[in-house]
K.L.:
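I'd like to ask you about the structure that follows.
Not measured: the values here are computed from a predicted model. Positions are given from 1, in the same order as the sequence printed here. Just so you know, these numbers use all the heavy atoms, side chains as well, and skip hydrogens, waters and symmetry mates.
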Amino acid sequence: MPLKNIETPYPLIDADPHFRRVINNFRPSDYSVWAGTTAAFPGALLMMEQASPTYARRGLGTGLRLAGFLGAVGGFLFAYQRSSFRLWGVTENEREQEQAKADVEAGKVPGFGDSSLSSEMQGFAFRNSVNSQLSLAVLPWFNFVNHQYHGSTESE
């Protein structure tokens with residue numbers, strides 16, 4: 001299946017990056033965004049409680065734990081999306097380009113290589129996961145399949 005060629009301001013590294021590749025390309029700024037989002041959710045709940053108290057008998061323990069969990073999940077999805085955008089070439093990706101060259105030379109690029117799936121199933125997995133990072137808030141969907149459809153010069 002041919003991939004639609006989209007012009008991006010920076011070079012495309014991988015059109016459908018493997019989950020491991022996205023995680024390996026997290027920058028310290030991604031981790032700080034993740035941590036900040038995790039802290040912001042319970043912080044916002046505490047601020048709302050100060051503005052309009054609920055006078056709950058048991059306190060806010062359960063609500064704060066839930067807010068912390070939702071903040072951690074949302075922060076991870078946001079950091080994942082930021083890293084994916086760099087691999088797509090939507091945002092600045094000089095560091096990722098150097099890492100991709102080093103990975104190709106070492107022969108260890110996550111998502112490339114042998115797969116136990118047939119070529120039809122690899123295409124099916126690709127079509128389901130390509131551009132899925134644009135709708136992580138609706139349905140978190142990640143690419144866990146090694147396949148040949150990456151739309152980059154590394155796969156050719």
Side-chain angles (χ1 to χ4, degrees), residues 1 3-51 60-113 115 117 122-155:
M1 176 184 158
L3 184 65
K4 184 176 180 180
N5 192 6
I6 299 173
E7 294 296 320
T8 57
Y10 301 97
L12 172 71
I13 297 172
D14 196 340
D16 187 25
H18 192 276
F19 181 81
R20 221 173 322 129
R21 188 172 201 183
V22 175
I23 299 299
N24 289 342
N25 283 304
F26 271 17
R27 290 183 177 179
S29 64
D30 294 327
Y31 288 111
S32 62
V33 162
W34 186 359
T37 307
T38 301
F41 269 63
L45 183 63
L46 286 173
M47 285 179 36
M48 288 188 288
E49 179 66 21
Q50 291 292 323
L60 292 176
T62 304
L64 289 174
R65 283 190 292 276
L66 178 62
F69 173 74
L70 293 175
V73 170
F76 170 75
L77 293 175
F78 187 51
Y80 188 91
Q81 189 177 46
R82 287 170 42 111
S83 182
S84 295
F85 284 174
R86 287 192 299 273
L87 291 171
W88 286 349
V90 174
T91 58
E92 185 276 321
N93 64 0
E94 186 175 331
R95 179 176 165 243
E96 285 73 15
Q97 291 175 44
E98 294 169 6
Q99 181 67 33
K101 288 177 187 175
D103 287 345
V104 168
E105 290 171 1
K108 55 177 186 177
V109 180
F112 292 83
S115 177
L117 298 177
Q122 288 179 27
F124 181 75
F126 164 72
R127 288 187 297 276
N128 280 326
S129 65
V130 70
N131 297 329
S132 64
Q133 293 88 342
L134 294 174
S135 61
L136 287 175
V138 177
L139 177 66
W141 194 277
F142 307 105
N143 175 24
F144 294 110
V145 176
N146 289 345
H147 58 72
Q148 58 201 7
Y149 309 102
H150 289 277
S152 62
T153 56
E154 300 165 4
S155 61

K.L.:
Shortest non-hydrogen contact from W34 to A79?
P.N.:
CB-CB, 4.4 Å

K.L.:
Compare all side-chain heavy atoms of Y80 with those of D30 and state whether any distance is below 4.5 angstrom.
P.N.:
no

K.L.:
Between T37 and G74, which heavy-atom pair has the shortest distance, and what is it?
P.N.:
CG2-C, 4.3 Å

K.L.:
Report the relative orientation of the aromatic rings in F26 and F76; use parallel for angles under 30°, tilted for 30 to 60°, perpendicular for over 60°.
P.N.:
tilted

K.L.:
Let me confirm one number: the CD1-OG distance from I13 to S84, rounded to the nearest 0.5 Å.
P.N.:
11.5 Å

K.L.:
We want to know whether S129 and D16 form a side-chain donor-acceptor pair, criterion being a heavy-atom distance below 3.5 angstrom.
P.N.:
yes

K.L.:
Which value, rounded to the nearest 0.5 Å, describes the distance between R86 atom CZ and Q97 atom CD?
P.N.:
12.5 Å

K.L.:
Between L134 and F85, is there a side-chain heavy-atom distance shorter than 4.5 Å?
P.N.:
yes

K.L.:
I need the minimum non-hydrogen distance between N93 and P11, along with the two atoms involved.
P.N.:
ND2-O, 2.8 Å

K.L.:
Say you draw a straight line from CD1 of I23 to NE2 of H18; how long is it, rounded to the nearest 0.5 Å?
P.N.:
11.0 Å

K.L.:
Below 4.5 Å, heavy atoms only, C-beta onward: do T8 and W88 meet side chain to side chain?
P.N.:
no

K.L.:
Measuring only between side-chain heavy atoms, which start at C-beta, is V130 closer than 4.5 Å to N143?
P.N.:
no

K.L.:
Checking side-chain contact (heavy atoms from CB on, under 4.5 Å) between N25 and each of R82, R20, R95, E96, which is the one that passes?
P.N.:
E96

K.L.:
If every non-hydrogen atom of A39 is compared with every non-hydrogen atom of P42, which pair is closest and at what distance?
P.N.:
O-CD, 3.5 Å

K.L.:
Once rounded to the nearest 0.5 Å, what's the spacing between atom CZ of R21 and atom CG of L87?
P.N.:
6.0 Å

K.L.:
Who passes salt bridge (Lys or Arg N to Asp or Glu O under 4.0 Å) against R65, sequence neighbours left out?
P.N.:
none

K.L.:
So does Q81 get a backbone contact from the side chain of Q133, meaning a donor-acceptor N/O pair under 3.5 Å?
P.N.:
no

K.L.:
Is the shortest side-chain heavy-atom distance between F41 and F69 below 4.5 Å?
P.N.:
no

K.L.:
List the steps and the verdict of side chain to side chain contact (heavy atoms under 4.5 Å, CB included) for Q99 and N24.
P.N.:
CA-CA 10 Å; Q99 181 67 33; N24 289 342; over 6 Å; no

